[in-house]
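In what follows, chains are A, B, ... by sequence order, proteins preceding strands, each numbered from 1.
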2 protein chains.
Amino acid sequence: MEHWDEIRTSYYVVREGTVSGAADALGVHHATVIRHIDALEARLGVKLFQRHARGYTPTEAGADLARVAQTTDDQFSQLGGRLKGQGENVTGELVVTALPTFAERITPILAQFQRDHPDVRVRFLTDARVFRLEYGEAHVALRAGAAPEEPDNVAQPYVSLDMGLFASTDYIAQFGIPTLETLDQHRFVGFADIRSRAPFMQWLEAHVPQSAIWFRASDDRSMAAAVRGGVGLGFLPVCDAGDLNEVMERQPEWVAKTWLVTHVDLHRSAKVQAALAAFKGAAQGWCSCEDGVNLP
Amino acid sequence: MEHWDEIRTSYYVVREGTVSGAADALGVHHATVIRHIDALEARLGVKLFQRHARGYTPTEAGADLARVAQTTDDQFSQLGGRLKGQGENVTGELVVTALPTFAERITPILAQFQRDHPDVRVRFLTDARVFRLEYGEAHVALRAGAAPEEPDNVAQPYVSLDMGLFASTDYIAQFGIPTLETLDQHRFVGFADIRSRAPFMQWLEAHVPQSAIWFRASDDRSMAAAVRGGVGLGFLPVCDAGDLNEVMERQPEWVAKTWLVTHVDLHRSAKVQAALAAFKGAAQGWCSCEDGVNLP
DNA sequence: CATGAAGTGTGCGCAAATGCACAGGGGTTT
DNA sequence: AAACCCCTGTGCATTTGCGCACACTTCATG
């Protein structure tokens, strides 16, 4: 029972009653209809129709086939409607991944997105590992660092997160304000992962000995808490600094570029586009906080 | 949502996970699989798969399609099994038609047939009009007269019904026994239909003036009753004569040939063949009554 | 009875779908 | 790290399947 097209053709002949009528309805030549039926009958070894000059009348076998094909036709029609809409409408599920670092910033964006598109079920995956878009693990990924270069991914530059070097008031009282020359006399807070791709970490490793890093955390929230607790100097997004004191002029290398990445196969879909639009719209308010600094 | 074959192809890709696997399972080249999917996606405007070097993973749309195609595949498989069996098994309905004349003879045959094939629903249609096999009105027809010549019908010679000219004892007492020369002085019983194709009626019209036919009936049972009632001379199958008296030597032209006719499209099916076998088997006992005559 | 319309059936030529071969990419194994 | 295997993807040759045209039959109509 391969060659579903032949089943469809036979079904149309039952419906229309004649080969010519079925050919018209199918938009093919009536010779094609005859050939399909002949082939199907030969393969099954059963006559589906009795032929006469006024048309085709189905045998019991033909009627049986038509019943099954009828429901199939209905189901496929419904399916077609669903699928055609799926590309244009914003429905179904939207899977977004990001590093845990960005969780707090992204959650409100997704919440707003869901308010705008109540039919979309949102799944937000945060994990240290990089999710693979080509395996369907996510529709949209927020990546940080250098421009992604996976061939089938489309990456758009997103916000650039301005990072500053901050210290608590307590720390400054005890250790003073660092300069480029006195860096190695200070205590730093950094990421636990030695191979972190965070740009400020790479700057840190280039300008500061490992021994100067006295506190390592695996996530940025712990890092921020450590800085606030006076453990040492640490990098934070400037807008998250709160009442911390910025202790050094920002370096261009610190800037954390981020990217919105989607898989090329899904990029054009309305749902993904809507998600990207939501992200971009929310980006306006992210880092207009270049002035919110407390020092020096 | 035309091109059901492409749906089937896509379904197999979801099942197998790879284009190559689907191609193997389908028995086609993997390039064909790719083309089918590309075409279907283009027509729908929806991506069904995310492509990567290790295989195809379905999108939501692809998974949706696979679900409905799965049930379709199941239903078609079942259907295929049913239909393939239908040609070889003896099931379903068997429609037989005959002239009302033969009803009494055929009914026991069909009864026996149904005992042998309890799964077959039998419909026996008797009517003066000729049922058209090519419109699916019947599977088997018992026809009398000259060999049928419809192009799409296959006709097999069946029993030859020996007809005799009979009279009741009362009639003979009153009118005597006819000879070829005194035919027009007798009273005859015949068919009402002037254009009857029954061979003895044509012989009658050739040898006897219309005025000699004093009683016309539309069915043979009425004719037989008239003969038995002494109305006149009449033709009966010799084995149905009972206690009537055969009054003339049988003429070869009187013999009523019958034919078993089937439509060529159905003739090879096991059901029709079984029905024909039943008819032929029963024919043995039909007219071995050439001896059962009472006169002269 | 002649005529026309509608439908089936078939040979022929062409276009579209298929198979083939090869290139390229990614993961796994030794 | 290199070799290998499996998968996708694409240009080219081939063949299958399709459309076309015509013949034939049946039925309806005047």
Side-chain angles (χ1 to χ4, degrees), chain A residues 2-10 12-43 47-58 62 130 132-137 148-153 263-265, chain B residues 2-10 12-43 47-58 62 129-130 132-137 149-153 263-265:
Chain A
E2 23 210 79
H3 297 107
W4 288 4
D5 282 342
E6 292 174 355
I7 299 177
R8 188 171 110 102
T9 301
S10 303
Y12 268 74
V13 173
V14 175
R15 260 190 13 184
E16 303 291 327
T18 66
V19 169
S20 305
D24 282 349
L26 289 166
V28 298
H29 201 269
H30 74 270
T32 303
V33 175
I34 293 179
R35 283 188 275 253
H36 278 189
I37 291 173
D38 288 347
L40 185 55
E41 284 183 341
R43 198 171 304 113
K47 288 289 176 186
L48 297 172
F49 296 93
Q50 296 186 53
R51 296 138 168 79
H52 43 96
R54 294 292 290 175
Y56 274 35
T57 64
V130 174
R132 306 204 53 167
L133 298 182
E134 57 267 32
Y135 288 175
E137 292 188 309
E149 290 189 351
E150 283 89 351
D152 289 341
N153 291 0
H263 193 274
V264 65
D265 287 345
Chain B
E2 26 209 79
H3 297 109
W4 288 4
D5 281 342
E6 293 174 355
I7 300 177
R8 187 172 110 103
T9 301
S10 303
Y12 268 72
V13 173
V14 175
R15 259 192 10 185
E16 304 289 328
T18 66
V19 168
S20 305
D24 282 349
L26 290 166
V28 299
H29 201 269
H30 75 268
T32 302
V33 174
I34 294 179
R35 283 188 273 253
H36 276 189
I37 291 174
D38 287 347
L40 185 54
E41 284 183 341
R43 199 170 304 111
K47 288 288 176 186
L48 298 172
F49 297 93
Q50 295 186 53
R51 297 137 167 83
H52 43 95
R54 294 291 291 174
Y56 275 35
T57 64
R129 84 180 175 92
V130 175
R132 308 204 53 168
L133 298 182
E134 58 268 31
Y135 289 175
E137 293 190 309
E149 291 188 353
E150 284 89 352
D152 289 341
N153 291 0
H263 194 273
V264 66
D265 286 345

With a 3.5 Å distance limit and no angle check, can you tell me whether [X] reaches the backbone of [Y] through a side-chain donor-acceptor pair?
{"X": "B/D152", "Y": "B/V264", "value": "no"}
{"X": "A/D5", "Y": "B/W4", "value": "yes"}
{"X": "A/S10", "Y": "A/E6", "value": "yes"}

For this session: Nearest 0.5 Å please: distance from the OG1 atom of A/T57 over to the CG atom of B/L133.
Result: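 So the OG1 of A/T57 and the CG of B/L133 are separated by 10.5 Å.
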In whole Å, I'd like the distance from the [atom1] atom of [X] to the [atom2] atom of [N].
{"X": "A/R8", "N": "D/dG17", "atom1": "CZ", "atom2": "C1'", "value": "16 Å"}
{"X": "B/I37", "N": "D/dT10", "atom1": "CD1", "atom2": "C1'", "value": "16 Å"}
{"X": "B/E150", "N": "C/dT8", "atom1": "CD", "atom2": "C1'", "value": "18 Å"}
{"X": "A/Y135", "N": "D/dT8", "atom1": "OH", "atom2": "P", "value": "11 Å"}
{"X": "B/D265", "N": "C/dG9", "atom1": "CG", "atom2": "C1'", "value": "13 Å"}
{"X": "A/D5", "N": "C/dA16", "atom1": "CG", "atom2": "P", "value": "17 Å"}
{"X": "B/H52", "N": "C/dG25", "atom1": "NE2", "atom2": "C1'", "value": "13 Å"}
{"X": "A/D38", "N": "D/dG17", "atom1": "CG", "atom2": "C1'", "value": "14 Å"}

For this session: Using five pairs at either end of the helix from C/dC1-D/dG30 to C/dT30-D/dA1, determine the angle between the two local helix axes and round it to 10 degrees.
Result: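 Helix axis angle between the two ends: 30°.
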Does the distance from a Lys or Arg side-chain N to an Asp or Glu carboxylate O, for [X] and [Y], drop under 4.0 Å?
{"X": "B/D38", "Y": "B/R43", "result": "no"}
{"X": "A/R51", "Y": "A/E41", "result": "yes"}
{"X": "B/R132", "Y": "B/E137", "result": "no"}

For this session: Using heavy atoms to find the nearest nucleotide of DNA chain D for A/R54 and B/R54 separately, return the residue whose nucleotide is more 5′.
Result: B/R54
Exercise. Shortest non-hydrogen contact from A/G136 to B/Q50?
Worked result: CA-NE2, 3.2 Å
For this session: Work out which heavy atom in A/G62 is nearest to a heavy atom in A/V14; give both atom names and the distance.
Result: O-CG2, 4.0 Å
Exercise. What nucleic acid atoms does A/S20 come within less than 4.0 Å of, heavy atoms only: base, sugar-phosphate, or nothing?
Worked result: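 Counting heavy atoms under 4.0 Å across all strands, the contact made by A/S20 includes a base.
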For this session: Assign B/H36 to base, sugar-phosphate, or nothing according to its heavy-atom contacts below 4.0 angstrom with the strands shown.
Result: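 Sugar-phosphate contact only.
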Exercise. C/dG19 base to B/R35 side chain: any donor-acceptor pair below 3.5 Å?
Worked result: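 Under the 3.5 Å cut-off, the side chain and the base do form a donor-acceptor pair.
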Exercise. So which one's nearest nucleotide on DNA chain C is more toward 5', A/R51 or B/H3?
Worked result: A/R51
Seminar exercise, completed: Note: contacts of residues 23-34 of chain B with DNA chain C (heavy atom, under 4.0 Å) are B/V28, B/H29, B/A31, B/T32
Exercise. So does A/Y56 get a side-chain nitrogen or oxygen closer than 4.0 Å to the phosphate oxygens (OP1/OP2) of C/dA6?
Worked result: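 For C/dA6, OP1/OP2 do not have a side-chain N/O of A/Y56 under 4.0 Å.
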